[in-house]
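What follows is one structure encoded as structure tokens, with my remarks underneath.
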Amino acid sequence: MQRPHSFKLILMNRTVYSLLLLAFSQIVHTTSAHLRELCEKRDIFFEPYRCQLVDLDLLDDPVLYLLYDVNPSEGFNLRRDVYIRLAVFVQFLRTQRGYRRTRLVLPPWSSLVHWRSGNIDQQQLLWGNFFDLPSMRLYTDVLDMDEFFAEYGRLHGPGATTVVLDEVYKLKHFEQMFENGVFVDKFEEHVCPKGHDGALAYFGYGNFTADAFTCLHFQGSAMLLHRLLERYRPGRPRATRYVHVLNAEIVLHDLWGNVDYWEARRSMRFAPPLVDVATRFRAEYLNSSDRADRTVRPARWTDERSRPRKARGGEYLCAHLRRADFLYGRDKTTPTVQSAALQIRAKLLELGLKTVFVASDCTRMEFYNLKNYLKRFRVVRFVPESYEQRAELKDGGVAIVDQIVCSHARYFIGTYESTFTYRIYEEREIIGFPKDLTFNTFCKSEKDMNCEKNTVWPIVYH
């Protein structure tokens with residue numbers, strides 16, 4: 001007869017303990033984003049003893065907000081790669097004492113070189129327009145710029161209209177990158193050009209200023225930033241530290257293509273509204289759906305596991321045909337429209353497919369000519385159905401819809417050394433397509449199909 005009474009006491013004690021933990025969580029909520037992250041993923045009423053809220057040692061670490069930006073000339077898809085370098089680095093930092101509450105602030109997108117719709121506003125676009133931030137936060141702690149401004153205001157009061165950065169580092173390549181033929185990780189200061197007085201319009205905003213601005217020659221991986229942060233770290237750690245790295249594209253991957261890379265990459269799921277647009281387009285114009293195409297994915301990327309490559313894809317081929325600057329900068333590897341059409345035609349006949357989806361920055365005339373070369377086949381491309389839809393999607397969203405559609409095709413063929421193509425390769429690896437249906441590259445000429453192809457790199461899981 002004692003067991004029910006004992007059980008009731010245990011249940012009451014657990015309930016009281018849970019309520020105490022919940023009250024404590026409210027106290028630390030505004031001071032420890034990392035603790036909040038740990039416990040929001042758990043049900044503290046039913047798992048109170050597993051919750052790490054009581055890790056008071058963690059509260060001794062200062063909060064580091066790491067901001068970064070990329071050279072304005074770099075495109076959308078390379079910037080996604082730079083994010084992975086910084087995200088993997090931040091996730092490493094968060095295992096180190098003194099840095100366990102590091103938060104990565106995402107730079108807004110503004111009028112990139114390949115965004116040509118001048119009649120729509122494409123300034124200071126948030127990452128939430130293009131990517132699923134809750135999914136990204138399952139990998140590491142990231143903040144969109146509007147969230148950063150809101151948090152800065154909470155910490156410093158509503159009157160703090162100017163963001164004061166503790167340290168800004170402007171990176172630049174060494175003139176001589178090899179010492180006796182050897183690439184060595186290193187950085188060293190150099191004299192900044194005139195005009196860098198710490199009052200710069202970072203990200204196009206006019207409300208940033210800097211206490212310290214340092215110009216550095218830098219070469220090496222993201223882990224070298226740890227040494228940089230340690231070297232210039234204030235002697236007495238502040239409760240909050242704001243660090244900004246300019247020209248972050250100079251920072252290299254530590255281990256490109258390893259498990260850490262792929263975890264960060266898998267977390268970068270697209271914003272649900274963009275996925276919905278692509279799903280409707282596939283259903284209406286390509287008779288394609290995830291269930292029929294065997295491309296269903298778990299709701300959370302963290303539930304993805306290594307599995308047999310059984311993705312089939314829709315009854316269409318996707319071709320990413322890069323034009324524009326590639327016609328001049330990479331003319332030796334970029335095919336003519338006619339040659340590309342002949343390569344597409346040969347593959348359609350081989351696979352018994354009748355439809356090709358084209359993702360391209362080609363002109364209207366080039367697309368018209370491509371269709372003429374493929375008269376026996378159905379040639380499809382995604383075009384926003386109205387000005388309102390284009391204004392809502394932005395050029396970046398249109399490009400993502402193209403990538404989603406390509407990542408679900410039966411067969412994909414891309415452009416040599418194009419980051420747009422690389423991102424589609426990655427999506428198809430995550431979905432689980434056989435490699436021979438993914439890692440394919442246009443040749444300069446249909447008569448020389450033994451040309452150099454893009455590198456094949458398989459996905460890696462734990």
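From a predicted model like this one, the values you see are computed outputs, not experimental measurements.
Between E230 and R227, none of the side-chain N atoms (NZ, or NE/NH1/NH2) sits under 4.0 Å from a carboxylate O, so this pair counts as no salt bridge. Using a 4.0 Å cut-off between a side-chain N of Lys or Arg and a carboxylate O of Asp or Glu, D293 and R312 do not qualify as a salt bridge. A salt bridge does not link R378 with E315: none of the charged nitrogens is closer than 4.0 Å to a carboxylate oxygen. Ion pairing between a basic and an acidic side chain is recognised when a charged N comes within 4.0 Å of a carboxylate O; D276 and R280 show no such pairing. A salt bridge links R103 to E151: one of the charged nitrogens lies within less than 4.0 Å of a carboxylate oxygen. Between D141 and R94, at least one side-chain N (NZ, or NE/NH1/NH2) sits under 4.0 Å from a carboxylate O, which counts as a salt bridge. The residues D290 and R297 are annotated as not salt-bridged, no charged nitrogen and carboxylate oxygen being separated by less than 4.0 angstrom. Ion pair E446/R345 not flagged as a salt bridge, since none of the NZ, NE, NH1 or NH2 atoms sits closer than 4.0 Å to an Asp/Glu carboxylate oxygen. Comment: E452 does not engage R330 in a salt bridge, judged by the lack of any side-chain N to carboxylate O separation of less than 4.0 angstrom. The pair E427-R265 counts as a salt bridge, with a side-chain nitrogen and a carboxylate oxygen less than 4.0 angstrom apart.
For residues 387-438, the pairs satisfying disulfide (SG to SG under 2.5 Å) are C318-C406, with sequence neighbours left out.
Atom CZ in F89 sits 13.5 Å away from atom CG in D260 (nearest 0.5 Å). Within the model, atoms CZ of F187 and CD of Q219 stand 12.0 Å from one another, a figure rounded to the nearest 0.5 Å.
Counting heavy-atom neighbours within 6.0 Å of Y368 OH, excluding the residue itself, gives a total of 12 or less. Other residues, nucleotides and ligands place no more than 12 heavy atoms under 6.0 Å from the CZ atom of R291. For F326, the CZ atom is densely surrounded, since the number of other residues' heavy atoms within 6.0 Å is greater than 12. For CG of D325, the number of neighbouring non-hydrogen atoms (other residues, nucleotides, ligands) closer than 6.0 Å is greater than 12. Within 6.0 Å of NZ in K354 there are 12 or fewer heavy atoms belonging to other residues, nucleotides or ligands.
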Steps toward ring pair (Phe, Tyr, Trp, His ring centres under 6.0 Å) verdict (F76, F130): CA-CA 11 Å; F76 185 73; F130 305 121; 5.5 Å; yes

Full working for ring pair (Phe, Tyr, Trp, His ring centres under 6.0 Å) between H244 and Y68: CA-CA 5 Å; H244 186 18; Y68 75 98; 8.2 Å; no

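Side-chain contact between L66 and V105 is absent, with no heavy-atom pair separated by less than 4.5 Å. A heavy-atom distance below 4.5 Å is not found between the side chains of S221 and V251.
The disulfide (SG to SG under 2.5 Å) search around C362 returns none, not counting sequence neighbours. For H156, the ring-ring contact (aromatic ring centres under 6.0 Å, His included) test picks out Y152, Y242, with sequence neighbours left out.
For the pair H114 and G75, the tightest heavy-atom approach, listed with the atom from each and the gap, is CD2-CA, 4.3 Å.
Ring centroids of F412 and F433 are separated by 6.0 Å or more, keeping the two rings apart.
A donor atom on one side chain and an acceptor atom on the other are found under 3.5 Å apart for N454 and Y425.
Stacking of R241 on the aromatic ring of Y65 is not recorded, the 6.0 Å distance cut-off and the 45° axial limit not both being met.
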